[in-house]
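Predicted, not measured: the structure shown is a model, and the values here were computed from it. These numbers come from the heavy atoms of this one structure, side chains and all, not from hydrogens, waters or symmetry mates. We number each residue from 1, following the sequence as shown.
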Amino acid sequence: WSTAWALPYLQSVVGLTADQGRLVVVVNSLTAAGSAIALGRLSDRLRRRRTVMLGGAVTMIASWAALFLIPAPVPAVVAVALTSLACACFPASSSSLVLAKESFRRDRAGTVLGPANVTSSIGAALLGAAVGLVLDSRWHGALAHGVRLYPVSAYVLVPAVLCAGSAISLVGVSLARETHAQQVPTPAPLDAIV
């Protein structure tokens, strides 16, 4: 969202200037980064990762759905709040990598984490392709200096695609196994004790 579709959406649907749109993209990215730390600490405190992941997925679905259902033009304050909320909840879903690693035997953690990383990358690529298909389905042949011009109705559908992606993540989280995560301090070396 932040790297590919946020800026044209914010300009075409919300009516922000290019500079304002870039500022919102930065805010979304910083929100996601800060939330990753906060959600990780919450998971450790609760000793539950799956609960945090489910809450994040549900909140993402609600945020993207609200952004899709509000008729254009979307008020800027509402758009910034909803996109920031959705981006803040994204790390809850991406913590599935940690959950996958903890769900299997210690000697197979690397093997499990590898496919989990690859699958998440493929999922993000497919979601980006789905957004592109939606935009192209609404294109009516308009060009400006050789660049395609998509109508507002095309960009309005972007949150709907992201909502569908969040729904898929919710299904995936529902199938995950809870690990009752707990931080265990690394034992001191034996020679340090002596």
Where do [X] and [Y] come nearest, in terms of heavy atoms and distance?
| X | Y | value |
| --- | --- | --- |
| I61 | A167 | CD1-CA, 3.5 Å |
| A86 | M60 | O-CG, 3.4 Å |
| A88 | P91 | O-CD, 3.3 Å |
| G165 | L127 | CA-CD1, 4.0 Å |
| G56 | A92 | CA-CB, 3.7 Å |
| L157 | F68 | CD2-CE1, 3.8 Å |

Check: [Y] main-chain N/O paired with [X] side-chain donor or acceptor under 3.5 Å:
| X | Y | value |
| --- | --- | --- |
| S84 | A81 | no |
| S12 | Y9 | no |
| S35 | A32 | no |
| W139 | A142 | yes |
| R50 | S174 | yes |

*If you count the non-hydrogen atoms of other residues, nucleotides and ligands that lie under 6.0 Å from CZ in R148, is the total more than 12?*
yes
*Stepwise, does the side chain to side chain contact (heavy atoms under 4.5 Å, CB included) test hold for V158 with V13?*
CA-CA 11 Å; V158 172; V13 180; over 6 Å; no
_Spacing of CH2 belonging to W64 relative to CG belonging to L85, to within rounding of 0.5 Å_ = 9.5 Å
*Say you draw a straight line from CG of L7 to CG of L23; how long is it, rounded to the nearest 0.5 Å?*
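The distance works out to 11.5 Å.
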*Could you walk me through whether T17 and Q11 pass side chain to side chain contact (heavy atoms under 4.5 Å, CB included), step by step?*
CA-CA 6 Å; T17 66; Q11 289 179 268; over 6 Å; no
*side chain to side chain contact (heavy atoms under 4.5 Å, CB included) evaluation trace for I70 with L82*: CA-CA 11 Å; I70 296 172; L82 289 174; 4.0 Å; yes
*Check: L143 and V147 side chains under 4.5 Å, non-hydrogen atoms*: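 Result no, sub-4.5 Å side-chain heavy-atom pair not found.
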*For side chain to side chain contact (heavy atoms under 4.5 Å, CB included), just list the numbers for W5 and V161, CA-CA rounded to whole Å, side-chain angles, deciding distance to a tenth of an Å, and then say yes or no.*
CA-CA 11 Å; W5 310 114; V161 177; over 6 Å; no
